[in-house]
Amino acid sequence: MMQTVPIALENCAKTFADGTRALEAVNLEIAAGETVVLLGPSGCGKTTTLRLIAGLEQPDAGGRVRFGADDVTALPIEKRNVGMVFQSYALFPNMTVAENIAYGLRLRRQSAAEQRARVGEMLALMRIERLAERSIDQLSGGQRQRVALARALAVQPRVLLLDEPLTALDAKLRDTLRFEIDSLLRELGITAIYVTHDQAEAMALGDRIVVMDHGRIAQVGAPREIYQQPASRYVAEFIGTMNRLSGHADGEVFRCAGGYVAWPALPAGAQEILFRPEDTRIAADGEAATLHGTVGAAFFCGNHVRLFVEVGEAQPLVLETPARREYRHGEPVALAIETHGLMVL
Amino acid sequence: MKHGKLLLSLQFAFTLAVCAFLVVPVVMSILAGLTVNYFVGLQSGLTLRWVFEVWDAYRDTLFLSLGLALACLALTLLLGVPLAYLLARSRGRLARAIEELLMLPVAVPGLATALGLIVAYGGFAGFRTSAAFILVGHVLFTLPFMVRSVLAVLSVIDLPTLEEGAASLGAGFWQRFRDIVLPNCRNGILAGALMVVTLSVGEFNMTWLLHTPFTKTLPVGLADAYASLRLEIGSAYTLIFFLLITPLLLTLQVLARPRRQSFAAPDNTIENAS
Amino acid sequence: MSHSLAISRRQSALLLLPAAIFFTAFFLLPMLRLFFISASGQLGWSAYLAIVSDANYFRALWTTLAVAAVTTLLTLVISAISGVFLQRHAFPGRALLVSALTLPLAFPGVVVGFMVIMLAGRQGLIGEVFALFGGERPVFAYSLAGLCMGYVYFSIPRTILTIMAAAEKLDPRLEEAARSLGGSPWHVVRDVILPGLRPAFVSSGAICFATAVGAFGTAFTLATRIEVLPMLIYTEFTLSANIAMAAALSFSLGAVAWLALALARSAAGATVAAAG
Ligand SMILES: Nc1ncnc2c1ncn2[C@@H]1O[C@H](COP(=O)(O)OP(=O)(O)OP(=O)(O)O)[C@@H](O)[C@H]1O
Ligand SMILES: [Mg+2]
């Protein structure tokens, strides 16, 4: 039975020996069995946070790492009983697949029979029974990542840590494995921390997402919450696409270069309103449209067209519209915006 | 185009000539070792007499050289592999300096190293007259080759990540060293080992000053034979040396083939000039 | 990525100490001792001056450097022609030829000396060939020319390997570009191939030079008459029992060899670092 635990980072800052401040004092609580995704652009400190939890890095003085009731701050990684999956797999080339999976068990002095049983179980779980006796260099990228997962899970770790496990794989395989990892984590109910810079991956996998920005936590929340109620411009623009109109509030109407947007809940003094592409649409024939622009570009995407509409702003508005109709460059269009999708940050 | 063809043929002929320059004397010396009277020529007949004579008179040198080479290998493994690992992990200025220092016994002429050993330890009669005295010189000379060979492999594999992987599974320092580091630099150790044995068997520069009448190695015996015995015996002795060294060399070439580059790189190509 | 798994003082010590103790006890301390002994003769520290002021020593120094320079030049030219050819052209028997060319890689200097005797000694092949045509038998094994020949013999295999490796890494597109711009084969050699091989020339040339400066076995086999520095050191030590002078000469010789390698390294950057 997995003895999975909640995890807490208290005041964990990290300054590297060369003076790089990778992480400001971070506080984060992760419930037992929860899958948390660390998301952010390159260099924002995701890996550093993960390595603090793993025990591969020490937090600056004053920082604490807790696994359940245990303070593990001073414990080296080999004593923390964590499972780790690396972007580059880190499989041992001197061992076969089975030996790789058994390595952690061997270190725990399990009997040969116990090891064999557990390795078999893991191979079956990852559906790689056929590969047991292969050497690592005979495996494809996807197979390697399955072995890496099996090896990390074999020792029944208290927490599973994954650092961009799918980044090295091609798009199709990434989809398949993402789905597999998702069902695996749910099935096992293990505490998992997953690092990625791919927001689609983060949305799909995370119970909660931690958005990071320059060594700070910008927002923590469920995927839906992060998307619909971003706490800051940074989060709003990092996750998905955000349309923006600048202008001024005039009672319940926001006036801008392309016309106006009526919004009963418009805060007084607003200089900018934000909304998602999916809350933006081409006004229906005969609909009284209040916002006008011209088509800047139209990208045909098969099932829809991605439309960039110039409305006199620095950035064109983005929306997706059914592909039935063709749009030409420079063609005038009228836009409608769903009021419930409007926000001010 | 005709011009190019001619140039090509010239290059080919030149290369063949170089090859002949290197190989012909080897063949001649082998033949000389098997000829009854080299001065008369091959018509005097072939014989194994000289080989047996050398075997009777000099086989001790062969065994001593082999023993020394193996002892040297054991010591360079013991001293060199852990050092290489430490150097691979700490690529700072100090590590570079240690590497540089280690190279000195190769850069400095063997005569100088041998003189140093003699002035420092020549007074310890028991040590001076034992084969261990020669062994020390050989280890000094071959150690950098083992270290570099292992270091070269350690710096191309992603050791940090492999070790982190092992650590996450619960492996402590020495467990990682045994289970991950050593097996994964196996090729470097192997190449280094062959290099060490080959160099030790052929070492003459230091050995000539370090040896005593009771501790003669194969090259020392060869120099003796060249200086004082008839050509046929010198040749037969050389033949025995070839028999010993060729398998080592062939293995070295086979090992080097998949990544000939690194073998031919300056790393491994420093002299055993003697 | 750098290593983040801590390595304790004790662990570092266990990894480092065996080699460090051995190296200090058997190399650093003896060399220090030798250094002080080099000043213990009648001349004191001016023993080092004698290398320049004493005609005998000075001549030996020059001979040594000249032999080394000629050896280096010959080896580089020969190895460049054959090495580039072998790397560029596939033909049946190529592997065998490469093997044959690298055969003497493990020959010690004494054996190389013997090979020179086989070629240019009193009963040597070259003499036989000349005798066949009724000429006089040239016997040059025991002269400086023979010594040079031995060093070239010794250095060709490793130099060819280095140059072949460097030629393999030359970007063929550069050559094609030169051709497309109308360069003749000679232009291609001069402007593309030779500059591309420069680092290999510098590094293997330095090793070749340092080897020829410090080698002893070949000279020892060929004759005691050849007055190069290593032979001189040997005679000072054994025949004249002049340890101080032998030590001073050894350090000078070591400095020359080391300098050749160091200069090559600074000329070629990191590529020769490995040659130490
Ligand atoms: N060992 C180290 N020494 C010095 N600085 C480091 C070290 N490791 C990371 N950094 C720096 O710390 C910052 C955060 O790095 P981190 O690896 O955590 O980023 P990340 O969010 O994982 O980025 P990526 O998506 O590119 O992997 C970066 O500026 C990085 O350059
Ligand atoms: Mg990262």
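Throughout, a chain's letter reflects where its sequence line sits, starting with A, and its residues are numbered from 1. These numbers come from a predicted model, not from an experiment.
Interface summary for chain C: among Leu79(B), Ile118(B), Val24(B), the most heavy-atom pairs under 4.5 angstrom belong to Leu79(B). Annotation: maximal heavy-atom pairing with chain B below 4.5 Å, among Leu97(C), Leu29(C), Val112(C), Val84(C), occurs at Leu97(C). Listed options Ala19(C), Gly121(C), Ala260(C) were ranked by heavy-atom pairs under 4.5 angstrom with chain B; first place goes to Ala19(C). Between chain C and the residues Leu117(B), Val201(B), Leu75(B), the most heavy-atom pairs under 4.5 angstrom are made by Leu117(B). Across Cys19(B), Pro144(B), Ala84(B), the residue that shares the most heavy-atom pairs under 4.5 angstrom with chain C is Cys19(B). Ranked by non-hydrogen atom pairs under 4.5 Å with chain C, the options Thr238(B), Leu231(B), Leu87(B), Val119(B) are led by Val119(B). The residue among Val256(C), Ile160(C), Leu103(C), Thr159(C) with the most heavy atom pairs within less than 4.5 Å of chain B is Leu103(C). When Val139(B), Leu78(B), Thr246(B), Thr76(B) are compared by the number of non-hydrogen pairs under 4.5 Å with chain C, Val139(B) comes out ahead. Contact count against chain C (heavy-atom pairs under 4.5 Å) is highest for Thr113(B) among Thr113(B), Leu222(B), Ile98(B).
In this structure, the portion of Ile233(C) lying under 4.5 Å from any heavy atom of chain B is its side chain and not its backbone. For Leu17(C), no part sits under 4.5 Å from any heavy atom of chain B, backbone or side chain. Contacts between Ala32(B) and chain C at a heavy-atom distance below 4.5 Å involve the side chain alone, from C-beta outward. Residue Ile156(C) touches chain B through its side chain alone, counting heavy-atom pairs closer than 4.5 Å. For Ile37(C), the part lying under 4.5 angstrom from a heavy atom of chain B is the side chain only. Only the side chain of Thr221(C) comes within contact range of chain B, with at least one heavy atom under 4.5 Å from a heavy atom of that chain. When heavy atoms are compared at a cutoff of 4.5 Å, Ile245(B) approaches chain C solely by way of its side chain, counted from C-beta outward. Contact annotation for Leu250(B): neither backbone nor side-chain heavy atoms come within less than 4.5 Å of a heavy atom of chain C. Residue Phe237(C) touches chain B through its side chain alone, counting heavy-atom pairs closer than 4.5 Å. Heavy atoms of Ser79(C) lying under 4.5 Å from chain B are absent altogether. Proximity to chain B (any heavy atom under 4.5 Å) is shown, for Phe35(C), by neither the backbone nor the side chain. For Ala25(C), the parts lying under 4.5 angstrom from a heavy atom of chain B are both the backbone and the side chain.
Annotation: side chain of Leu14(C) is in contact with side chain of Trp174(B) (closest heavy-atom distance under 4.5 Å). Side chains of Leu15(C) and Leu83(B) form no contact here, defined as non-hydrogen atoms less than 4.5 Å apart. Looking at heavy atoms from C-beta onward, Phe114(C) lies in side-chain contact with Ser235(B) at the 4.5 angstrom threshold. Between Phe173(B) and Leu5(C), the closest side-chain pair of non-hydrogen atoms is not below 4.5 Å.
For the pair Gly254(C) and Pro109(B), the tightest heavy-atom approach, listed with the atom from each and the gap, is CA-CD, 3.4 Å. The two residues Pro230(C) and Leu111(B) have their closest heavy-atom pair at O-CD1, 3.4 Å. Of all heavy-atom pairs spanning Ser250(C) and Leu115(B), the tightest one is OG-CD1, 3.3 Å. Heavy atoms only, all atoms of each residue included: Trp208(B) and Phe220(C) are closest at CZ2-CZ, 3.1 Å. Nearest heavy atoms, Val110(C) versus Ala223(B): CG1-CB, 3.7 Å. Nearest approach of Ser82(C) to Val18(B), heavy atoms of both residues: OG-CG2, 3.7 Å.
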field: Val108(B) and Met31(C): CA distance, side-chain angles, deciding distance, side-chain contact (heavy atoms from CB on, under 4.5 Å) verdict
entry: CA-CA 11 Å; Val108(B) 167; Met31(C) 288 321 256; 4.1 Å; yes
field: Evaluation steps, side-chain contact (heavy atoms from CB on, under 4.5 Å), between Phe107(C) and Val26(B)
entry: CA-CA 11 Å; Phe107(C) 291 3; Val26(B) 175; 3.8 Å; yes
task: Determine, step by step, whether Tyr226(B) and Val111(C) satisfy the side-chain contact (heavy atoms from CB on, under 4.5 Å) criterion, reporting the C-alpha distance in whole Å, the side-chain angles of both residues, the deciding distance to 0.1 Å, and the verdict.
output: CA-CA 9 Å; Tyr226(B) 295 155; Val111(C) 171; 3.9 Å; yes
field: Verdict with reasoning, Leu22(B) to Thr102(C), per side-chain contact (heavy atoms from CB on, under 4.5 Å)
entry: CA-CA 9 Å; Leu22(B) 297 180; Thr102(C) 49; over 6 Å; no
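Between Phe12(B) and Phe91(C), the ring planes are perpendicular. Angles over 60° get that label, and only those under 30° would be called parallel. Aromatic ring pairs are classed by plane angle as parallel below 30°, tilted from 30° to 60° and perpendicular above 60°; the pair Tyr121(B) and Phe26(C) is tilted.
A distance of 5.5 Å separates CG in Leu28(C) from CG in Leu101(B), rounded to the nearest 0.5 Å. Here the CZ-OG1 distance, from Phe204(B) to Thr218(C), works out to 9.5 Å after rounding to the nearest 0.5 Å. Between the CZ atom in Arg94(C) and the OG1 atom in Thr15(B) there is a gap of 11.0 Å [rounded to 0.5 Å]. A distance of 12.0 Å separates CG in Leu248(B) from CG in Leu105(C), rounded to the nearest 0.5 Å.
Interface residues of residues 241-249 of chain C toward chain B, defined by a heavy-atom distance below 4.5 Å and sorted by number: Ile243(C), Ala246(C), Ala247(C).
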